[in-house]
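Have a look at the structure below, then the notes.
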Amino acid sequence: MSVIVGIDLGTTNSLVSICQDGVPVVLTDKEGNGMLPSVVTYTKDSVLVGNEAKKQFLEYPDRTIYSVKRLFGKSYSDIKNSSIGLPFQIGGDNSKLSIRAGDKELQPFEVSAQVLAKLKSIAEKALGKPVEKAVITVPAWFDDTQRNETRYAARLANLEVVRILNEPTAAALAYGLDTKQTGKIAVYDLGGGTFDVSILDLCDGVFQVLSTNGDTALGGDDMDQALVDWMIKKAGPDLILDAESRIAMKFAAEQIKIRLSDKDEVEVKLDFAAKNLNLQTVLGREEFETLINPLIQRTLTSCQRALRDSGLELSDITSVVLVGGATRVPAIRKAVKEFFGKSPFTGINPDEVVALGAAVQALVLAGGRRDVLLLDVIPLSLGIETLGGAVTKILLRNTTIPVSATEEFTTSVDNQTAITVHVLQGERELVEDCRSLSRFKVKDLPPMPAGLPRLQVSFTVDENGVLSVKAVETRSSQSASVEIFPSIGLSMEAVDKIVEESIDHAMDDFELRMLVELRNKAERIIVATDRVWQKAQSLMGKEEMTDLEKTLNETKAALKRGEKDKELMQNLVDRLGDLTRPLADKIFTSATEDVLVGKSVAEI
Ligand code: ADP
Ligand code: MG
């Protein structure tokens, strides 16, 4: 059996692991260190990697490069205005990015290649034989450019990448094999520079990603940065802010943060006369928690989205796995516990869990395990058109394959005898901004009132990336299906462009999408209420009916003038909801309830 190692190529720390007798273990260097800091120093005549490089930070501030993973897939224009907080010199233009280390110009993947080469040599020494193949993990949110950059790094380090594996999937693999659990698990991974959350279904050796979300620029580094900002404020205006003092402060910040993970307060003492930096104060855990609270909240927003996209309720989640060094911060653990309503699982070292999972995947690929199903991912989200030109995503990009997902839809118009299913691909929220893959009809439906049909739409992507879509109206059992090859005709560049655009427009799209959904909801409530108006007169009090009528008229007027104020629409929908709820309780059958809450496919 050929040797395939598992590698967690982290922003901050990297690890290499292998399965020995079926059990994944992290390989260590001769000092017994398993974690290799992803830090590289380019001195005049040598290249230092890991702890050796980290130790030289202050000596070679302009030659020491770290956190390059944050720069993967980026051009200089992408990052030039962002506060990426890296002290070394970065240059380039809108198509490339280069890092200056002393007299050397480097691309981010060249720096990562040094880290990979070091891991390869650690593994070779530990195993006593050559290592040429690896499974390398990446954040679930890495796009194709970033994944490719990871491959380039490996090529440069003389490693063949047998599989690029999503970090949370790796964590789930390690967790699933360790605890032999089944169920729905959430993986919360907060590392140095990236945050990922994924919801997975573990069942009989099949690991299905239900949803993923995250942020490629959020992690422990940002906590350090928040602390550096706090120090700068405290240090006063005379401080000389250059690469050297930034590195010194970043170091101090990280130490303070780590110490606050088990202490209630720490003494902050910075004496760096050459830079006019003289700081002596005390920082309490509570104040630190206030500083990082916005970062914590951002991770929870991602959790919320991942949960929503998985179609699960909080109560469906059977366990939460913590991954990444930054999850040692007590405030993070507390926030995760409160959000998911259960104590997270910490049985596997959060620093190692991804690398261990990569080793498991490596074993599977080497043919050493047949009870675990292999996983790959789809490059772009897939979904269908819903009312108002919105796209409801059924499979999110980066979902592991083979995969299938089903969602239920209904109609918004009475007596539709056919329903069109419009299949779309892309990250944006509106149909016009996504790529149309196919349109097909479910025909010969018996006439039914709006909201009554139950259209189950299933998307399946097999191991080869072939998508098939099936739609069944379950009340009448009418069905239709198509098979689609989504990647045909779409070049890698086109994929990159789509992903870039979706990031650029994420905010606008989100707002627009909310507005479309609010309008749809308002319309559904109006239709539903109109239909039962007569009956309502006899069931409801006079005052309630007057209130309802007034609010209905206000909402109709808002819809007519195409109201764009999201808050106003939200307020109207909330008020209508409150006013119609007692009515619904009294007279609505379960079928008409769908009208109030169901999603509708586009009218034809
Ligand atoms: P990555 O996956 O990005 O390589 P890691 O999972 O190794 O990152 O996490 C690194 C981050 O975790 C760093 O920001 C580091 O400061 C932070 N970290 C490590 N240990 C602790 C701790 N005890 N308390 C708080 N943060 C920690
Ligand atoms: Mg990590």
Side-chain angles (χ1 to χ4, degrees), residues 6-17 26 33-40 49-51 54 57 66-72 85-86 108 111-112 115-116 119 136-142 146 150 165-172 174 187-198 214-228 249-264 266 283 285 288-289 291-292 295-296 299 321-336 346 348-358:
I7 290 181
D8 171 7
L9 181 62
T11 312
T12 324
N13 296 297
S14 300
L15 299 91
V16 56
S17 59
V26 168
N33 298 315
M35 275 217 282
L36 179 76
S38 309
V39 182
V40 183
V49 183
N51 280 319
K54 213 171 170 182
F57 242 142
Y66 61 91
S67 288
V68 282
K69 195 171 162 185
R70 288 183 107 160
L71 304 174
F72 271 28
L86 297 176
V111 181
S112 289
V115 176
L116 288 174
L119 291 173
I136 302 184
T137 59
V138 297
W141 272 66
F142 253 28
Q146 292 163 314
T150 309
L165 179 66
N166 287 338
E167 288 163 10
T169 315
V187 178
Y188 179 105
D189 179 353
L190 192 62
T194 52
F195 173 65
D196 276 292
V197 53
S198 304
D215 198 323
T216 49
L218 175 63
D221 287 353
D222 299 279
M223 298 185 190
D224 303 344
Q225 190 55 43
L227 271 177
V228 168
M249 282 195 286
K250 144 98 190 156
F251 256 153
E254 188 177 9
Q255 288 314 314
I256 293 166
K257 170 188 74 177
I258 290 174
R259 265 187 275 151
L260 280 173
S261 289
D262 20 66
K263 291 208 166 55
D264 290 337
V266 297
L283 178 66
R285 192 188 273 175
F288 171 65
E289 289 177 353
L291 288 176
I292 62 165
L295 304 170
I296 299 181
T299 70
V321 181
L322 290 183
V323 181
T327 61
R328 294 188 196 272
V329 172
I332 295 278
R333 298 201 165 188
K334 191 159 150 266
V336 172
T346 47
I348 313 179
N349 182 340
D351 296 318
E352 295 186 347
V353 58
V354 168
L356 297 175

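Just follow the structure's listing: the first ligand is 1, and inside any ligand the first atom is 1.
- Those atoms of ligand 1 with a heavy atom of Ser261 less than 4.0 angstrom away are 22 (C), 23 (N), 24 (N), 25 (C).
- Although no hydrogens or angles enter the test, the distance criterion places a donor-acceptor pair under 3.5 Å between the side chain of Asn349 and the main chain of Asp351.
- Residue contact annotation: Gly193 has a non-hydrogen atom under 4.0 Å from ligand 1.
- The nearest heavy-atom contact from the protein to atom 23 (N) of ligand 1 is Arg328 CD, 3.4 Å.
- Here is the list of ligand 1 atoms found below 4.0 Å of a heavy atom in Gly220: 14 (O).
- The Lys257 neighbourhood of ligand 1 comprises atoms 13 (C), 14 (O), 15 (C), 16 (O), 17 (C), 26 (N), with distances under 4.0 Å to a heavy atom of that residue.
- Taking every heavy atom of Glu254 and a limit of under 4.0 angstrom, the matching atoms of ligand 1 come to 13 (C), 15 (C), 16 (O).
- A donor-acceptor distance shorter than 3.5 angstrom exists from the side chain of Ser17 to the backbone of Ala355, with no hydrogens or angles considered.
- Of the polar atoms of Ala326, at least one N or O is found under 3.5 Å from an N or O of ligand 1, judged by distance alone.
- The nearest protein atom to atom 3 (O) of ligand 1, hydrogens excluded, is given as Gly192 N, 2.7 Å; this is a heavy-atom distance.
- A salt bridge does not link Asp8 with Lys69: none of the charged nitrogens is closer than 4.0 Å to a carboxylate oxygen.
- When all heavy atoms are compared, the tightest approach of Val49 to Val115 is CG1-CA, 4.0 Å.
- Those atoms of ligand 1 with a heavy atom of Gly324 less than 4.0 angstrom away are 6 (O).
- Contact between Ile296 and Ala335 at its shortest, heavy atoms only, is CG2-CB, 3.5 Å.
- The protein non-hydrogen atom at the shortest distance from atom 2 (O) of ligand 1 is Gly191 CA, 3.9 Å.
- Nearest protein heavy-atom contact of atom 7 (O) of ligand 1 is Asn13 ND2, 2.9 Å.
- Checked by distance only, ligand 1 and Asp351 stay at 3.5 Å or farther apart across all their nitrogen or oxygen atoms.
- Taking OG of Ser112 as the reference point, atom CG of Leu119 lies at 10.5 Å (rounded to 0.5 Å).
- Scanning the protein for heavy atoms near atom 5 (P) of ligand 1, the closest one is Gly325 N, 3.6 Å.
- In this structure, a donor-acceptor pair under 3.5 Å is present between the side chains of Asp221 and Ser67.
- The two atoms that bring Ala170 and Val354 nearest to each other are CB-O, 3.6 Å, heavy atoms only.
- No donor-acceptor contact under 3.5 angstrom links the side chains of Thr327 and Tyr188, judged on distance only.
- Listed by number with element, the atoms of ligand 1 under 4.0 angstrom from any heavy atom of Gly10 are 4 (O).
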